[in-house]
Visitor: 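Mind having a look at this structure? Questions to follow.
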Amino acid sequence: MRIPHRQAHVLLAALLFSANAGAETPVTIVMYGDSTTWGKTLLHGAYSQSPTNEPGELQRMFDEAGEHVVVKNRGVSGLSCLDFLQGRPFHGLDAWDVEMKRSNADIVVMNVGINDVLLRPGAGISDCYARLSAIAKANGKIFVIETPNPVAYFWNARVGRVAAQGRDAGLVVIDQWTAIQKIPNWRSMLSDGVHPDAALYQRKAAISFPTLDGIVKSVTKTR
């Protein structure tokens, strides 16, 4: 059966559009976490979202690298690991299994720990990490732990124990807690002793980028 020239042209155009659409599908990174993911900072006596929040800075870096990546910010102030697992509808967050089923993320980054230390002192989060990871992986996501940034208070050692649980979880880890403490005068880059200033948020993105860029490249190769 011979296809008319015009019909064949339309069919070929449709096939090319479909192929190009598939090739241009971005790699999606969704960053979950507390206020340090959202980008909370204290400036001139008032709290606001830093324009250099880590997800936003990572988006800029991927754009400048010419990579087709979308970075989404799902940081929610005050939340802990358990909050993400169970869900907090008031904050627009479903239980983790529901969140993962409907998410279009290729890569999921979880940055919690500071509120776990404050709200549940003495409690570990290894089991919570494991459950979050298992649910994400069951839904086709790559799960990455980002350890919390250090704090300029005596309970930084407790934050460090949370970070250690992240490192020991057998998962991909971006270790902000360790890396930031190698920066000279890092305490002066915390706007209130807990939340980074604009410069430290940029440093956080720079710390995270190599690991996430490597994962993005591996995802892209499999498409």
Side-chain angles (χ1 to χ4, degrees), residues 29-41 53-55 57-58 74-86 88 96 100 105 107-138 141-197 200-215:
I29 302 172
V30 182
M31 304 190 71
Y32 294 87
D34 54 30
S35 56
T36 62
T37 296
W38 183 74
K40 185 175 181 178
T41 194
N53 63 84
E54 185 185 356
E57 281 296 293
L58 283 167
R74 292 281 279 148
V76 181
S77 183
L79 294 198
S80 67
C81 191
L82 192 62
D83 291 319
F84 283 99
L85 187 62
Q86 296 176 341
R88 288 294 178 267
W96 192 243
M100 289 296 96
I107 303 164
V108 171
V109 181
M110 178 59 69
N111 169 26
V112 288
I114 292 176
N115 293 312
D116 296 81
V117 166
L118 293 174
L119 300 174
R120 302 165 63 221
I125 63 173
S126 296
D127 180 62
C128 185
Y129 276 146
R131 292 166 70 186
L132 291 172
S133 175
I135 293 169
K137 289 180 178 179
K141 323 297 184 189
I142 298 171
F143 185 79
V144 179
I145 291 174
E146 181 177 343
T147 67
N149 58 258
V151 300
Y153 293 104
F154 70 91
W155 43 275
N156 186 45
R158 298 207 301 266
V159 177
R161 286 194 287 273
V162 167
Q165 290 177 48
R167 290 192 297 271
D168 295 341
L171 304 169
V172 179
V173 176
I174 299 168
D175 191 1
Q176 297 280 353
W177 190 82
T178 299
I180 289 172
Q181 289 183 94
K182 294 178 181 179
I183 301 171
N185 301 316
W186 61 268
R187 290 177 179 82
S188 67
M189 302 177 77
L190 294 168
S191 66
D192 59 359
V194 175
H195 299 93
D197 63 10
L200 188 53
Y201 275 124
Q202 289 179 313
R203 296 291 286 268
K204 279 169 61 72
I207 292 166
S208 295
F209 184 78
T211 297
L212 294 177
D213 187 46
I215 299 172

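Every heavy atom of this structure was used, including side-chain atoms; hydrogens, water molecules and symmetry mates were not.
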Visitor: Below 4.5 Å, heavy atoms only, C-beta onward: do Met110 and Phe143 meet side chain to side chain?
Guide: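 Counting from C-beta outward, Met110 and Phe143 do come under 4.5 Å.
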Visitor: Side chain to side chain contact (heavy atoms under 4.5 Å, CB included) with Ser133: which of Ile145, Leu171, Ile142?
Guide: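 By the side chain to side chain contact (heavy atoms under 4.5 Å, CB included) criterion, Ser133 pairs with just one of Ile145, Leu171, Ile142: Leu171.
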Visitor: For residues Asn115 and Gly78, report the shortest heavy-atom separation together with the two atoms involved.
Guide: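 The answer is ND2-C, 3.3 Å.
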Visitor: Are Ile174 and Leu212 close enough, and set up right, to give a side-chain contact (heavy atoms from CB on, under 4.5 Å), and what steps lead you there?
Guide: CA-CA 9 Å; Ile174 299 168; Leu212 294 177; 4.0 Å; yes
Visitor: Kindly indicate whether the side chain of Phe209, heavy atoms from C-beta on, has any atom under 4.5 Å from the side chain of Leu58.
Guide: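 Phe209 vs Leu58: side chains touch.
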Visitor: Any chance you could measure Ser80, atom OG, to Arg88, atom CZ, to the nearest 0.5 Å?
Guide: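 Atom-to-atom, Ser80:OG and Arg88:CZ are 7.0 Å apart.
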Visitor: Any idea which heavy atoms bring Leu82 and Cys128 closest together, and the distance?
Guide: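 Heavy atoms only, the tightest pair is N-SG, 3.7 Å.
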Visitor: If only atom types and distance count, is the side chain of Trp96 paired as donor or acceptor with the main-chain N or O of Leu132 below 3.5 Å?
Guide: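 The answer is yes, because a donor-acceptor pair under 3.5 Å joins these two groups.
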Visitor: By the definition side-chain hydrogen bond (donor to acceptor under 3.5 Å, both in side chains), identify the one residue from Thr147, Asn149, Asn156 that meets it with Trp177.
Guide: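 Going through Thr147, Asn149, Asn156 one by one, the side-chain hydrogen bond (donor to acceptor under 3.5 Å, both in side chains) with Trp177 is satisfied by Asn156 alone.
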Visitor: Are the side chains of Thr37 and Glu146 in touch, meaning some heavy atoms are under 4.5 Å apart?
Guide: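 Of all side-chain heavy-atom pairs linking Glu146 with Thr37, none is under 4.5 Å.
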Visitor: Could you tell me the separation between the CG atom of Asn53 and the CE atom of Met31, rounded to the nearest 0.5 Å?
Guide: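 With rounding to 0.5 Å, CG (Asn53) is 9.5 Å from CE (Met31).
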Visitor: How long is the gap from CZ on Phe84 to CE on Met100, to the nearest 0.5 Å?
Guide: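 Rounded to the nearest 0.5 Å, the CZ-CE separation comes out at 10.0 Å.
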Visitor: Test Thr36 against Glu54 for side-chain hydrogen bond (donor to acceptor under 3.5 Å, both in side chains), laying out the working first.
Guide: CA-CA 8 Å; Thr36 62; Glu54 185 185 356; over 6 Å; no
Visitor: Do Val30 and Lys141 come within less than 4.5 Å of each other through their side chains, counting heavy atoms only?
Guide: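 The answer is no; the side chains never approach within 4.5 Å.
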Visitor: CG/Leu190 to NE2/His195 distance, rounded to the nearest 0.5 angstrom?
Guide: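 The CG atom of Leu190 sits 10.0 Å away from the NE2 atom of His195.
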Visitor: Do Ile114 and Val151 touch side chain to side chain, with heavy atoms closer than 4.5 Å?
Guide: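 In short, these two side chains touch, coming nearer than 4.5 Å.
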Visitor: Carefully, step by step, assess Asn111 and Gln176 under the rule side-chain contact (heavy atoms from CB on, under 4.5 Å).
Guide: CA-CA 10 Å; Asn111 169 26; Gln176 297 280 353; over 6 Å; no
Visitor: Are the side chains of Leu200 and Ile183 in contact, using a 4.5 Å heavy-atom criterion?
Guide: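 When only atoms from C-beta onward are counted, Leu200 and Ile183 do touch, with a gap below 4.5 Å.
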Visitor: If I take atom CD1 from residue Ile215 and atom CD1 from residue Ile29, how far apart are they, to the nearest 0.5 angstrom?
Guide: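 Ile215 atom CD1 to Ile29 atom CD1 measures 8.0 Å (nearest 0.5 Å).
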Visitor: Taking side chain as C-beta onward, heavy atoms only, is Ile135 less than 4.5 Å from Leu85?
Guide: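 With C-beta onward as the side chain, the pair touches.
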Visitor: Closer than 3.5 angstrom, by distance alone: can the side chain of Asp116 be matched with the main-chain N or O of Gly113 as a donor-acceptor pair?
Guide: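 Such a contact is found between Asp116 side chain and Gly113 backbone.
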Visitor: Got a second to check how far Arg74's CZ is from Leu79's CG, nearest 0.5 Å?
Guide: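 Going from the CZ atom of Arg74 to the CG atom of Leu79 covers 10.0 Å.
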Visitor: Which atom names give the shortest non-hydrogen contact between Pro196 and Ser191, and what distance separates them?
Guide: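 Closest approach of Pro196 to Ser191, heavy atoms only: O-OG, 3.9 Å.
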Visitor: Is there a side-chain contact between Asn185 and Met189 in this structure, where contact means two heavy atoms from C-beta onward sitting under 4.5 Å apart?
Guide: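 Result no, sub-4.5 Å side-chain heavy-atom pair not found.
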Visitor: Tell me if a side-chain donor or acceptor on Tyr32 pairs with a main-chain N or O of Val76 at a distance below 3.5 Å.
Guide: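 No, the answer is negative, given that no donor and acceptor are paired below the 3.5 Å cut-off.
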Visitor: Which heavy atom of Pro210 sits nearest a heavy atom of Ala206, and at what distance?
Guide: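 Taking every non-hydrogen atom into account, CD-O, 3.2 Å.
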Visitor: Side chains of Asp168 and Ser126: is there a donor and an acceptor less than 3.5 Å apart?
Guide: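 Distance-only check fails for Asp168 and Ser126.
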Visitor: Please step through side-chain contact (heavy atoms from CB on, under 4.5 Å) for the pair Tyr129 and Val173, ending with a clear verdict.
Guide: CA-CA 11 Å; Tyr129 276 146; Val173 176; over 6 Å; no
